[in-house]
Amino acid sequence: MSPFSLENRRALVTGANTGIGQAIAVSLAAQGAHVTCAGRRECTETLEMIADAGGQGEALLLDFADPMAAQDSFTDVGYSILVNNAGIIRREDSLDFTEADWDAVMDVNLKALFFTTQAFARAALEQGNTPSAVVNIASLLSFQGGIRVPSYTASKHGVAGLTKILANEWAAKGINVNAIAPGYIATNNTEALRADPERSEAILARIPAGRWGDPSDIGGTAAFLCSPAARYIHGAVLNVDGGWLAR
Ligand code: NAP
């Protein structure tokens, strides 16, 4: 079997209805995984794309407005892959930023990610589903400050930190924990930036690859990190940013 194959694996991807999560779900399925596409809305389009690619998947409604929403999602299913992709962003000057915007972002991007991963790992270890892989979606802003996104930047620095501590604790247990730090990818998340010609031009000028990222640029990286080929990679926060941080 190819070291990149995900055959006979069960995977759960959060926020799989659109954007990066959708691309990851399709990439995992294309490598042979059975993919549960979790979202706060139906993942109908993603399931159609998976079927078109000859893969298998199913939908699960999960809304991280309650960060503990996934506590029972891993019982008796046999998952060995979790991709924590769901995330939100709120933009406002730090002087005007509200507690509500702070809490909303932290709940989805950080608290839900930690407790979902905890539930996944408990089930994987109880059920003997190792080797297992967790991939967290961090950000370029796990390394940089950004502007006007204080809770997002704090949450994504947190995602990078959690990736490292969980890798330290679980590497010896057969669970690989890694993260992908996307640069600027053309999704709903960056719609406002792309709609602003000045901001869009400034961003593009800083990307050595000369283009915005496509969600599929992240999908393949996630499939690799979940595969046996990545079995000795633990605690990495991998930049997939068209070279932004290398510049
Ligand atoms: P997106 O299209 O806005 O996707 C975000 C996903 O998270 C959607 O499926 C969204 O569902 C889901 N989500 C939001 N709140 C949720 C909740 N309460 N419960 C469950 N799911 C929820 O943007 P994206 O760019 O693909 O974002 C995916 C991940 O990549 C995020 O973690 C984001 O921070 C990260 N990221 C993106 C970029 C970029 O340039 N695009 C760069 C770095 C990191 P709905 O469709 O229902 O809102």
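For ligands, and for the atoms within them, numbers begin at 1 and follow the listed sequence.
Side-chain contact check for F114 versus N84: every heavy-atom pair is 4.5 Å or farther apart.
In terms of heavy atoms, A154 sits closest to W102 at CB-CH2, 3.8 Å. Nearest heavy-atom pair, F4 versus Q31, reported as atom, atom and distance to 0.1 Å: O-OE1, 3.3 Å.
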In a table with atom names and distances, give each donor-acceptor pair under 3.5 Å that connects a side chain of residues 38-49 to protein atoms at least two apart or in another chain.
from : atom 1 : to  : atom 2 : distance (Å)
E45  : OE1    : Q22 : NE2    : 3.0
T46  : OG1    : A16 : O      : 2.6
T46  : OG1    : Q22 : NE2    : 3.1

*asked:* Using side chain to side chain donor-acceptor pair (under 3.5 Å), reason through T187 and N189 one step at a time and then give a plain yes or no.
replied: CA-CA 5 Å; T187 67; N189 175 296; 4.9 Å; no
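Near ligand 1, heavy-atom contacts under 4.0 Å come from G15, N17, T18, G19, I20, R40, R41, L62, D63, F64, A65, N85, A86, G87, I88, V108, I137, A138, S139, Y152, K156, P182, G183, Y184, I185, T187, N188, N189, T190.
Surrounding CZ of R148 are more than 12 heavy atoms belonging to other residues, nucleotides or ligands, all under 6.0 Å away.
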